[in-house]
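Below: one structure, written as structure tokens.
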Amino acid sequence: MASESDPAPSNFIRSMIEKQAVDTVATRFPPEPNGYLHLGHAKSICLNFGIAEEYNGWTNLRFDDTNPDKESEEYMSAIKRDVEWLGFKWKSLCYASDYFDQLYECAEALIKSGDAYVDSLSAEEIREYRGSLTQPGKESPHRNRSPEQNLELFREMRDGKHSEGDHILRLKIDMASSNINLRDPAIYRIKKTHHYRTADKWNVYPLYDYTHCLSDAIENITHSLCTLEFEDHRPLYNWILEKARASTANVELGHPVQTEFGPLNLEYTVLSKRKLIELVQQGHVRGWDDPRMPTISGLRRRGYTAASIQEFCRRIGVTKSSAVIEMSAMETVIRDELNATAERRMAVLEPLKVIITSWAADESKTLEVSNHPNDPDLGTRQLPFTREVYIEQSDFEEVPPPKFKRLIPGGEVRLRSSYVIRCDDVIKDANGRVVELHCTHDPDTLGKKPEGRKVKGVIHWVSAANSVAAEVRIYDHLFNRPDPLAEEDYINAINPDSLLVLENAQVEASAAQAEIGSRFQFERQGYFSVDNDSTPERPVFNQVVGLRDTKN
RNA sequence: UGGGGUGUGGCCAAGUGGUUAAGGCACCGGGUUUUGAUCUCGGCAUUCGUAGGUUCGAAUCCUACCACCCCAGCCA
């Protein structure tokens with residue numbers, strides 16, 4: 001786990017800051033509240049908050065809420081909760097919408113200085129005029145309207161005197177620029193949507209490129225960290241700030257610098273808000289917090305800890321290349337943490353009844369069992385041993401494959417923390433299915449090795465009379481190929497078997513009583529957390545991750 | 001065929017002219033083990049996209065080439 005002895009590894013952003021020798025690093029995490037946070041955001045959060053903390057700085061949480069069509073209060077509170085849960089504290093909670101007045105004032109100043117103009121071309125015309133990747137664009141016939149004319153039109157736009165799409169405010173930069181972002185980008189559009197924070201005050205809303213740099217500057221952000229796809233926007237970011245500083249607008253602006261890092265990609269899943277929204281809305285998953293989802297809320301429900309997600313982000317590093325991380329990197333962090341911290345329990349997922357014929361029907365012996373094999377501090381618990389127990393169906397084979405170490409007819413196996421038993425009889429139903437085993441126990445094997453023979457297998461079990469019926473949910477990858485986006489439609493790559501529900505599991509009583517969110521290792525099977533759906537009458541467990549399996 | 005980026009083992013990733021080219025994940029072996037887990041020991045790039053060049057010395061500097069990613073929303 002992350003600790004003082006395990007410092008954050010060197011990366012290009014840290015090196016850059018070292019060279020700058022600045023005295024404070026101010027960052028921001030700027031999500032648009034149009035969906036739930038996922039692992040890609042976790043990487044950005046860890047980077048932004050982590051680097052600021054490391055250099056005596058601070059980080060703002062800023063909602064980039066400039067498109068009221070897509071944003072909502074629900075998303076906003078989910079984002080706040082997730083950032084807090086991950087373990088980070090922001091200095092200020094900010095909203096781009098808090099700057100709408102300043103942004104507007106600045107836009108008027110840019111109009112007055114001749115750096116912005118109102119265009120009245122249609123969206124399609126503007127697209128045509130923009131040119132292509134290899135062809136320069138051409139100037140709009142409205143490009144040379146006077147500042148007075150532009151100001152009047154822009155104010156009319158603001159005052160709701162025009163319809164959506166009729167006009168747009170653009171920067172006057174260079175229609176022939178090889179960087180398409182500089183071909184007179186739009187900075188304000190007419191939109192009459194109700195905004196969840198500013199209500200119906202505005203008929204015009206600023207666009208991302210215009211809003212983001214100014215918001216950073218207003219908040220005195222020093223390091224504006226974003227993903228690679230914004231590299232092309234950096235010249236625009238700087239252009240706007242330069243013009244804004246030179247303008248007459250009464251807005252105090254700092255000097256943020258944008259730096260881009262590679263986005264996170266994870267095998268067998270998708271990390272894009274748009275696609276995650278589709279998975280939720282089309283019902284491919286049970287919700288944003290479905291334990292199969294790569295969202296923070298999904299991982300939390302699955303049983304991942306905040307520490308494990310932070311550790312994952314530390315391990316994957318920060319570079320300028322877009323990494324595709326194997327799922328095992330994610331699984332190993334939570335497995336490591338839970339191996340150290342999770343108490344052990346026994347649970348039989350697919351039960352097979354075993355009668356210990358040598359054990360009296362009315363006898364129950366209480367065994368003292370340790371909660372963790374390597375950590376005595378985790379204590380012990382009492383476990384009853386009775387005549388009837390359940391073992392895993394897969395722990396018995398009539399015709400064992402090579403190297404099978406579990407129970408076979410006439411063979412012996414250790415019941416974990418209990419006796420060695422021998423299988424005497426196999427009871428089958430009319431279809432030849434094994435429904436019950438008759439075994440005898442060796443009374444001289446409790447807490448000691450049997451004499452004169454070695455018993456190689458150890459299997460888990462529960463007392464039939466003292467275990468509790470439970471539901472256990474086993475998860476597999478959401479997609480059945482490592483690169484679902486390579487599919488013509490990624491929806492076709494959805495794994496139909498990503499959720500396996502075992503309705504008839506039997507868990508020992510002490511696990512059945514656990515609170516929602518608590519985690520155990522079910523011995524030999526993996527780590528499990530108590531799901532939100534769990535009740536004392538009907539416990540429900542999620543498999544967080546399996547144990548490493550090196551057999552075969 | 002415009003612009004912006006990236007290329008170090010299967011996946012990440014340190015490295016910034018002189019190191020036997022860190023580390024993690026994965027994988028493969030040995031040992032311990034009442035979890036086929038854990039733990040532990042060991043193995044795993046004569047080579048850094050390719051080809052040239054500079055240098056006593058190159059993953060690090062230069063040149064050319066190749067591959068992949070991003071950009072033509074009134075989304076962010």
Side-chain angles (χ1 to χ4, degrees), chain A residues 9-11 15 30-32 34 64-67 69-71 96 119 121-123 126-128 130-137 164-170 177-183 185-191 204-205 207-209 211-212 226-235 260 262-263 267 273-274 314-333 335-336 339-340 344 346 372-374 403-406 413-418 420 445-449 455-460 482 521-526 546-552:
Chain A
S10 153
N11 65 48
S15 307
E32 181 186 13
N34 67 341
D64 226 333
D65 55 351
T66 58
N67 186 354
D69 291 341
K70 297 184 177 175
E71 298 153 6
D119 199 351
L121 254 27
S122 69
I126 285 182
R127 192 186 324 124
E128 286 160 21
R130 188 154 31 228
S132 73
L133 295 177
T134 50
Q135 310 252 302
E164 295 187 11
D166 285 357
H167 306 284
I168 195 159
L169 187 67
R170 305 177 73 175
S177 174
S178 52
N179 181 346
I180 290 178
N181 293 299
L182 265 21
R183 319 242 262 230
I187 60 169
Y188 264 94
R189 79 288 218 187
I190 299 171
K191 195 182 276 289
V204 290
Y205 289 95
L207 283 137
Y208 167 83
D209 283 306
T211 307
H212 205 90
C226 62
T227 43
L228 254 25
E229 70 265 33
F230 294 106
E231 280 176 319
D232 289 345
H233 296 240
R234 189 175 352 117
E260 310 84 14
E267 287 190 342
K273 244 191 260 178
R274 204 207 97 225
R314 193 191 67 78
R315 289 191 191 188
I316 61 174
V318 179
T319 67
K320 283 185 82 75
S321 63
S322 15
V324 183
I325 309 292
E326 291 178 343
M327 207 48 117
S328 63
M330 189 66 202
E331 292 170 348
T332 201
V333 291
R335 200 183 272 133
D336 284 356
N339 174 51
R344 284 5 29 164
M346 289 199 283
H372 191 110
N374 319 317
K403 293 185 183 167
F404 190 72
K405 288 172 57 173
R406 293 159 270 169
V413 76
R414 158 85 62 187
L415 293 181
R416 172 75 166 154
S417 304
S418 177
V420 169
T445 55
L446 187 60
K448 56 175 148 174
K449 292 188 160 77
V455 173
K456 43 189 196 297
V458 178
I459 64 174
H460 58 277
Q521 183 196 93
F522 287 163
E523 295 210 56
R524 301 208 308 129
Q525 303 189 110
L547 254 32
R548 195 173 324 71
D549 184 2
T550 55
K551 64 172 177 279
N552 302 327

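In the text below, chain A, chain B and the rest are named by the order of the sequence lines, each starting its count at 1. Model, not experiment: these values are computed from the prediction.
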Counting only distance, no hydrogens or angles, is the base of [N] paired donor-acceptor with the side chain of [X] under 3.5 Å?
X        : N      : result
A/Arg406 : B/rG36 : yes
A/Glu326 : B/rG10 : yes
A/Gln521 : B/rU35 : yes
A/Asp549 : B/rG36 : no
A/Arg414 : B/rU34 : yes

Paired nucleotide for B/rC39 [Watson-Crick or G-U wobble; both distances under 3.5 Å]:
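B/rC39 is paired with B/rG31.
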Pairing nucleotide - B/rA64, Watson-Crick or G-U, each distance under 3.5 Å:
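Matched B/rA64 with B/rU50 under the 3.5 Å cut-off.
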Any base atoms under 4.0 Å from [X], or only sugar-phosphate, or nothing? Heavy atoms, all strands.
X        : value
A/Lys403 : base
A/Ile325 : sugar-phosphate
A/His233 : base
A/Thr319 : sugar-phosphate

Give me the distance, rounded to whole Å, that separates B/rG15 from B/rA51 when you measure between the P atoms they each carry.
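Pairwise P distance, B/rG15 against B/rA51, rounds to 26 Å.
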B/rC66 to B/rG23 separation - P atoms, rounded to the nearest Å
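To the nearest whole Å, 37 Å.
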Between protein and nucleic acid, restricted to nucleotides 17-19 of chain B and to nitrogen or oxygen atoms under 3.5 Å apart, what atom pairs and distances do you find?
none

Would you indicate, yes or no, if [N] has its OP1 or OP2 atom less than 4.0 angstrom from a side-chain nitrogen or oxygen of [X]?
X        : N      : value
A/Arg274 : B/rG73 : no
A/Arg189 : B/rA76 : yes
A/Thr550 : B/rA37 : yes
A/Arg183 : B/rA72 : no
A/Arg315 : B/rC11 : no
A/Lys273 : B/rA76 : no
A/Ser10  : B/rA13 : no
A/Arg344 : B/rA37 : no

Is the base of B/rG73 syn or anti, where syn means the angle lies within 90° of 0?
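Glycosidic conformation of B/rG73: syn.
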Test side-chain contact (heavy atoms from CB on, under 4.5 Å) on A/Ile180 and A/Leu133; report intermediate values, then the result.
CA-CA 7 Å; A/Ile180 290 178; A/Leu133 295 177; 3.4 Å; yes
Fit a plane to each ring of A/Tyr208 and A/His212, take the angle between them on a 0 to 90° scale, and name the class: parallel (under 30°), tilted (30 to 60°) or perpendicular (over 60°).
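Answer is tilted, since the angle falls between 30° and 60°.
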Decide yes or no on side-chain contact (heavy atoms from CB on, under 4.5 Å) for A/Arg315 and A/Thr332, but give the supporting numbers first.
CA-CA 11 Å; A/Arg315 289 191 191 188; A/Thr332 201; 3.5 Å; yes
Is there a donor-acceptor contact under 3.5 Å from the side chain of A/Ser132 to the main chain of A/Thr134?
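A pair under 3.5 Å: yes.
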Sidechain-backbone polar pair: A/Asp64 side chain, A/Thr66 backbone, donor-acceptor under 3.5 Å
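Absent.
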Give, for atom OG of A/Ser178 and atom CZ of A/Arg183, the distance between the pair rounded to the nearest 0.5 Å.
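Reported to 0.5 Å precision, the distance equals 8.0 Å.
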Any chance you could lay out the side-chain contact (heavy atoms from CB on, under 4.5 Å) test for A/Gln521 and A/Leu547, step after step, and finish with the verdict?
CA-CA 9 Å; A/Gln521 183 196 93; A/Leu547 254 32; 3.6 Å; yes
Side chain of A/Arg524, heavy atoms from C-beta onward: which of B/rA76, B/rG36, B/rA37 has the nearest atom to it?
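Out of B/rA76, B/rG36, B/rA37, the nucleotide with an atom closest to A/Arg524's side chain is B/rG36.
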Measure from the side-chain heavy atoms of A/Leu133 and tell me the nearest of B/rU34, B/rC75, B/rA72.
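Nearest to the side chain of A/Leu133 among the choices is B/rA72.
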Could you walk me through whether A/Arg189 and A/Glu164 satisfy the salt bridge (charged side-chain N to carboxylate O under 4.0 Å, His left out) test, starting with their C-alpha distance in whole Å, then the side-chain angles of each, then the deciding distance to 0.1 Å, before giving a yes or no?
CA-CA 7 Å; A/Arg189 79 288 218 187; A/Glu164 295 187 11; over 6 Å; no
